[in-house]
Number of protein chains: 2
Amino acid sequence: MYGLIGQMKAKSGSRDELIEILLAGTQNMPGCIQYVISKDVDDENGIWITEIWETKNDHENSLQLPEVQSAIAKGREFIAGFGARHELDPVGGFGLSD
Amino acid sequence: MYGLIGQMKAKSGSRDELIEILLAGTQNMPGCIQYVISKDVDDENGIWITEIWETKNDHENSLQLPEVQSAIAKGREFIAGFGARHELDPVGGFGLSD
């Protein structure tokens, strides 16, 4: 498995729109086990994306999918920037199918 | 829903032991939707815990469970410290039951 934690900052007032675009573009990605989008409770423009993939290649390939490319293109105007990014090796836990 | 991203640092060489203890103590927590433990790919002592709960109260109550208290007690000697901690409001995504 391969995991990612990534922080994204929406432009002020644009978080909900950006989340809608991200959700719509990430529902059907081969090798994706989980792709969860969350609001940061302490930052009104903060978004966290937590991803679990079967392999790192599956993640890389996803960036070329038409739906994902479209979401990136549509979302760009609402993104102020990116923050923390951590690559993970998920080892297990409750609620994670393997 | 309520989410948490937390970073933990194991003492040098103790990451696998600490992960085993954490995994064993977190399998049966009321209101827990997901509790995934991951190794940080870029930090040989780094651990990330990504949690999703039905409510914030469920998370707080979990800290009093005997299995969790036992894991905290057993794990303490292997923990060097804690890093980032972010409270989240998960809004959706692929692979997340609601």
Report yes or no: do [X] and [Y] belong to one cluster of Ile/Leu/Val/Met/Phe/Trp/Tyr joined by side chain heavy-atom distances under 4.5 Å?
X: A:Met8; Y: A:Trp53; answer: yes
X: B:Val68; Y: B:Phe82; answer: yes
X: A:Leu22; Y: B:Leu88; answer: no
X: A:Leu4; Y: A:Ile49; answer: yes
X: A:Tyr35; Y: A:Ile19; answer: yes

Inspect the surroundings of CD in B:Glu67 and state if more than 12 heavy atoms from other residues, nucleotides or ligands are less than 6.0 Å away.
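For B:Glu67, atom CD is crowded (more than 12 foreign heavy atoms under 6.0 Å).
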Does B:Glu60, at its CD atom, have more than 12 non-hydrogen atoms belonging to other residues, nucleotides or ligands within less than 6.0 Å?
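Above 12, so yes.
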A side-chain contact here means heavy atoms from C-beta on lying under 4.5 Å apart; do [X] and [Y] qualify?
X: A:Lys39; Y: B:Val91; result: yes
X: A:His86; Y: B:Trp48; result: yes
X: A:Pro90; Y: B:Val36; result: yes

Cut-off 4.5 Å, heavy atoms of chain B, and the answer for A:Ile37 is both
Would you give the length of the straight line joining atom CG of A:Asp89 to atom CG of B:Asp42, rounded to the nearest 0.5 angstrom?
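It comes to 11.5 Å.
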Distance in Å, A:Phe94 CZ paired with B:Asn28 CG, rounded so as to fall on 0.5 Å steps:
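So the CZ of A:Phe94 and the CG of B:Asn28 are separated by 7.5 Å.
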Which atoms of [X] come close to chain A, meaning under 4.5 Å heavy atom to heavy atom: side chain ones, backbone ones, both, or neither?
X: B:Thr26; result: backbone
X: B:Leu23; result: side chain
X: B:Ile5; result: side chain

Checking the side chain of B:Glu87 only, and the main-chain atoms of A:Val41 only, is there a donor and an acceptor separated by less than 3.5 Å?
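No, because the side chain of B:Glu87 does not come within donor-acceptor range (under 3.5 Å) of the backbone of A:Val41.
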